[in-house]
Amino acid sequence: MDEKYFPQKIERKWQRRWAENKTFETEADDSKPKFYALEMLPYPSGRLHMGHVRNYSIGDALAWYKRLQGFNVLHPIGWDSFGQPAEQAAIKKGVNPRDWTEDNIKQLREQFQRLGIGYDWRREIATHRPEYYKFDQWFFLKMLERGLAYKKMTKVNWCPHDQTTLSNEQASGGVCWRCGNPVEKKDLAQWFLRITAYAEELLSGMEEIEAGWAERVLTMQKNWIGKSEGAFVDFAVKDADENIRVFTTRIDTIYGANAIVVAAEHPIIEAHQAELSKKVLDKIEEIKREKAKPTDYGEEIEKDGIDTGLKAVNPFSGEELPVWIGNYVMMEYGTGAVMSVPAHDERDFEFARKFNLPIRQVISQKTHSSGENVQVMTSGADVQPLDANNKASGARAKASNADVSSSNADVPSDNPHVPSDNPHIPSEVARNSGDVSQSEAQVSENLSSTSQPASDNAPSSIEAATTDYGILINSGVWSGKRSQDAKREMVEFAEANDFGEAATTYRLRDWGISRQRFWGAPIPIVYCDKCGTVPEKYENLPVRLPDSAPFTGAGESPLARVPEFVDTTCPNCNEPARRETDTMDTFVDSSWYYFRYADAHNAAMPFDPKIINYWLPVDQYIGGVDHAVMHLLYTRFWTKVMRDIGLVKFDEPIEKLLTQGMVVGESFYSNSKSSYVPPDEVKIIRDAKGKVVEAKLRADNSPVKVAVEKMSKSKYNGVEPNDMIAIYGADAARIFALFAAPAENEMVWQETGIEGAVRFLQRVYRLVYRWRSALRAGGRWSVVSGQSEKPSQNAEARNLRRKTHQTIKRVTENFESYQFNTPVAALMELSNALGDFKVEPDKANDDELFAANEALQSLILMLAPYAPHFAEEMWENLTGAENGILQSGARFPVADETLAKADEIEIPIQVNGKLRSRVLAAPETAKEALEAAALADERVKQYTDGKQVVKIVVVPNRLVNIVVK
RNA sequence: GCCGACGUAGCCCAACGGCAAGAGGCACUGGUCUUAGAAACCAGGUGAUGUGAGUUCAAAUCUCACCGUCGGUACCA
């Protein structure tokens, strides 16, 4: 053993031994409990960055911990090697994307090995290789068979910078997920995967995994899926034999509808094109144009629209409503048409305000929520009961157009809207408005005795939309009902009368997977003039990518210019045909890669279901939160499809998910230079407490702005993992990556921090060095099991053993709750305790040697997940085991509760919640004894004498609180 | 705007509703060593637990409101 710690030497040595001993290679084995530790597969950019170090250090720590507990651990790695950077390199530098990628993989693999992450390298996969993407294509064909893949012409998200289409998930926020540029809309024929078929299950399946997934990730997915329950209602188009179907979640506000607003792309527009004025048609074109433009994130688009002149009839009231086109209505959601209820919807309100449409309140807020006598607050003023002939609607429209607010206030009501907990609506109420009015009159009369005018609460005009539930007013026979009841009953009414139905819509849309790129898996489709769109035969897979293609970067599929690829024969009729030239989204590759790890070289199938059902689901997945919606939603979908195909038996592929935070660094911005400057050009001035008060440029003392930002070259705040490993060693880098902050948090990379990690390792190294020969000479060579035959008599030894077992307990508990930073602190404490163990190794007695050996061995074993090379080396020096910790049969230490317990506990005594004294007691002292000891205490007596003891709270082992008066 | 998370020492962070707020690291200060510095070692805790109310014998911890930071989302009817 060297006197000093030389990380590079130790790390090289153990990386070699691990490879020789196949330490991390595993096979399915039913006799052992399994653990699948998985980190998101990296894109092989050629350079390892600190985010990688953190991600893979967490995963490896967990894998080591589980291995040391006797689990059969699968810990694989691979490469997400299709994708744009390779193609970009081809466009810019003319290199072959395949060579470029393979080269990068080689470099990155070497860096991973230098980090010493314990992977089973036999299972390594790369998604750009035909052996892998063959099964992307296989899955595509399976989905096609099941109707889960289809092609349609549609408006797709188009990134003008990357020159490719994007899925909705990749264009979230209106910007490209890769380059951050605003996304345009473009008409393109695209292949889609029908993820919406699983929308409900993707939502309900969350119950199964919510215990193991960060709540925010599930919330993000939930919001993205965007389930919305409501109703379809059909509005008949006047003078035409057709309906406009709207989707609404607030059918209870339907009497407040002032218009039907449809999307510019709505079919009704096309159908009536001939009847529309030029002005209307121009507006439609304008709206469509505007919609295709990229919009700034966060920018509010001004409402725009136009009255088409068409009329639709409200099936509930019989009221005739104008049909408008509105730029705020989306064809892709719901039915592409809405009923505009300005009083109770903010968007409709804004729209109505802008175009002076009438605003009618139909929901009133309750003033009393209890009992039968529900008081209704009614504006009274804006009531416009329809007469049997609908004359009123025309009159109202006119009045409203003049001045929305005053017209609401000025029209007197002759229709008292009465409170009611349950007005009976006859089920035979006819649909025509005359009957409705009649019933309403009846209801009003029946309940008029309980009527309570509430004019004091009446607003003189409507200032804003109120979207809360309340009591219906101005709603014919439905007036007086509560929103919740009305919603249900009105849907039933619509269903019974055949003009509507309950409906659920989702925000989630199908997953567009066509990409106009070369470097992806070809979509296995052939277009034949005779047979049409024909799937490639399974036996012809993979449809191989050609070696290269003309890369123009012009946004068209490079494969279209490769005749050898395009020209083929129809799998159906054998006549000449053309291949699909778009490739698949790379998220297809990553949707199932971790299934492939379990059976990485299967040539016939994506994987053998038997093997998969041993290793999967993944026990712990670790990756960035940026994939919360994209990758993690797609892979859940993929799993459900695989289940339905019969490949897997479970519904959810990932039991636990840890989303680690970003690694950031301190950056310095110089105002005088108007640029970022490297840290070594900056002088930091601190006050007496060490607080940074100022930062100056060394050169000219000009001020520098300090910030903590995502690492990047241009900001000079990036750190090269290679450099860190070269200077401090992989183990120190890994310890610091885990120790600096909880895994979910952002982590600030500081060089002083990693120095602290090295110091810690050096301390432990010195401890081992100091004790090593004494332990060997004393025959303490053997591995300690965690229990000693006899309790230690020596106080010093007993204290150390207590600390050891307390540490084991803490570290184990922390690992079990996936805290990786706190165990390091506990291990530092233990090493400090060993340092404070004031016994000379060569003068130590048996008890002391035993305690020191136990402490050191436990420390080393618990350190293995963080600093595996270091732990291996120390283990070898302590125990003589040359083939490594795992081969030696060592297990993670087990805490002995008895040893961990203190002999005596100080019990604080409070009087009225304030600490007044302490008493010493043995652990588990009975309540009564503690109470007696507390009351007998002299200092306590000072506070209790002459007072009445009201209550005594005794928490065994914790405290006594005496409440006096 | 809406949804969610988080606010503890100069900084990163600990703390089953229970001790006088502190485990660990960084920074800072002093000391040992050194020609000096660095490294290493030793010692030192610097605070309205964001603000305000509530629940409780007892609140950093639970509840509510507000403020601040971060993240997601944005006409989703």
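Here is how names work: the chains are called A, B, and so on, in the same order as the sequence lines, proteins then strands, and each is numbered from 1.
- For residues 214-225 of chain A, no pair satisfies salt bridge (Lys or Arg N to Asp or Glu O under 4.0 Å), with sequence neighbours left out.
- Anti is the glycosidic conformation of B/rA40, whose angle departs from 0 by more than 90°.
- Interface residues of residues 734-746 of chain A facing RNA chain B, ordered by number: A/Phe739, A/Ala740, A/Ala741, A/Pro742, A/Asn745, A/Glu746; criterion, heavy-atom separation under 4.0 Å.
- Counting only N and O atoms by type, the side chains of A/Tyr255 and A/Asn314 include no donor and acceptor under 3.5 Å apart.
- In this structure, A/Trp324 and A/Phe355 have tilted ring planes: the angle between them lies in the 30° to 60° band.
- Under the ring pair (Phe, Tyr, Trp, His ring centres under 6.0 Å) criterion, A/Tyr333 pairs with no residue at all, not counting sequence neighbours.
- Listed nucleotides: B/rG25, B/rC57, B/rA77. Nearest to the side chain of A/Asp345: B/rA77.
- Under the 6.0 Å cut-off for aromatic ring centres, A/Phe316 and A/Phe499 qualify, their centroids lying closer than that.
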Could you spell out the base pairing of RNA chain B in dot-bracket, with Watson-Crick or G-U pairs whose two distances are under 3.5 Å, [ ] crossing and | to another strand? (((((((..((((....[...).))).(((((.......))))).....(((((..]....))))))))))))....

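- Close placement of the A/Phe870 and A/Tyr5 rings is indicated, their centers lying within 6.0 Å of each other.
- Straight-line distance between the P atoms of B/rG44 and B/rU49: roughly 24 Å, to the nearest whole Å.
- Between the P atoms of B/rG52 and B/rU46, the separation comes to 23 Å (whole Å).
- Scored by the salt bridge (charged side-chain N to carboxylate O under 4.0 Å, His left out) test, A/Glu755 finds no partners at all (sequence neighbours excluded).
- The salt bridge (Lys or Arg N to Asp or Glu O under 4.0 Å) contacts involving residues 807-824 of chain A comprise A/Lys809-A/Glu813, A/Arg810-A/Glu829, where partners must be two or more places apart or lie in separate chains.
- Nearer to the 5' terminus of RNA chain B, by closest-nucleotide assignment, is the contact made by A/Trp224 (compared with the other of A/Met330 and A/Trp224).
- Not one side-chain nitrogen or oxygen of A/Ser340 sits closer than 4.0 Å to the OP1 or OP2 atom of B/rA77.
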